[in-house]
Enquirer: 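I'd like to ask some things about the structure below.
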Amino acid sequence: MSTIALTSGTLPAGLIALPGVYQPQADTRFLADALSHEDLGPHTEALEIGTGTGALALHAAGRGARVTAVDVSWSAVVTARINAARRRLPLRVLHGDFAARTAGRRFDLILTNPPYVPSPQAGLPSRGAERAWDAGPDGRAVIDRICARAPALLRPDGVLLMVHSGMCGAERTVDGLARAGLSARVAARASVPWGPVLRSRRAWLERQGLAAEAEEWEELVVIRARHR
Ligand SMILES: C[S@@+](CC[C@H](N)C(=O)[O-])C[C@H]1O[C@@H](n2cnc3c(N)ncnc32)[C@H](O)[C@@H]1O
């Protein structure tokens with residue numbers, strides 16, 4: 001397992017973020033690195049689920065892909081639109097839940113860094129910055145929906161790239177995608193220091209058996225799945 005660099009040349013520089021919008025972090029950069037190994041171009045119709053600042057969507061658009069991005073947060077949608085305009089890159093940014101906003105459409109590539117941090121509350125937050133990371137007690141509330149929906153969103157041979165914490169179960173994601181009919185594997189693993197959100201819920205995570213005592217490093221995984 002590698003420790004990933006906390007800065008990377010693969011993401012667009014100088015992005016703005018309105019208050020409450022998830023700033024590109026280690027997970028964003030890790031997914032950008034995975035994306036740089038994919039064959040992208042004008043022939044690629046891509047979707048980013050949960051775009052935040054638009055960093056990943058703009059990375060793909062900068063390589064010629066035709067990109068649609070979706071986010072439940074209006075602040076994120078406005079941020080991504082501003083960042084696209086400032087960089088003069090074409091990006092279609094939709095507001096709402098990814099499943100509702102993409103009904104009937106299919107893509108060659110889906111990118112996603114979804115909310116994945118296990119949280120004590122059973123339900124998902126309906127507002128606030130926490131919407132970017134809180135994902136229910138096992139961290140899988142959004143991941144499982146994406147796994148179930150992926151086959152309907154991908155064209156034949158289309159690829160899904162998803163980053164999440166090993167804490168919510170890489171094998172569960174691979175199995176979920178396989179059950180949905182995709183061929184899936186863990187494409188990359190990295191280890192990053194715990195951030196403030198994990199540190200703030202350390203006692204709860206330890207009680208749930210999701211973290212060992214004094215653990216300070218989190219495994220990130222990139223899952224790559226292909227529509228057969
Ligand atoms: C971890 S952040 C990732 C942001 C950005 N892609 C990045 O990597 O820096 C997750 C994003 O998903 C959005 N989100 C959460 N639930 C969603 C849903 N059901 N449909 C669309 N977007 C969602 C959040 O608002 C947030 O912007």
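Atoms within each ligand, like the ligands themselves, are counted from 1 in listed order.
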Enquirer: Would you say Arg63 and Ser36 are linked by a side-chain donor-acceptor pair, where the criterion is simply a distance under 3.5 Å?
Expert: no

Enquirer: Are Asp27 and Tyr22 linked by a side-chain donor-acceptor pair shorter than 3.5 Å?
Expert: yes

Enquirer: Which of these passes side-chain contact (heavy atoms from CB on, under 4.5 Å) with Asp71: Asp97, Val78, Thr51, Val21?
Expert: Thr51

Enquirer: Can you list everything that forms a ring pair (Phe, Tyr, Trp, His ring centres under 6.0 Å) with Trp204? Sequence neighbours excluded, please.
Expert: none

Enquirer: Rounded to the nearest 0.5 Å, what separation is found between the CZ atom of Arg172 and the CG atom of Asp144?
Expert: 6.0 Å

Enquirer: Does Arg155 CZ have over 12 foreign heavy atoms under 6.0 Å away?
Expert: yes

Enquirer: Below 4.0 Å from any atom of ligand 1, which residues have a heavy atom? Give them in chain and number order, please.
Expert: Tyr22, Pro24, Thr28, Glu48, Gly50, Thr51, Gly52, Leu56, Asp71, Val72, Ser73, Gly96, Asp97, Phe98, Asn113, Pro115, Arg131, Ala132, Arg145

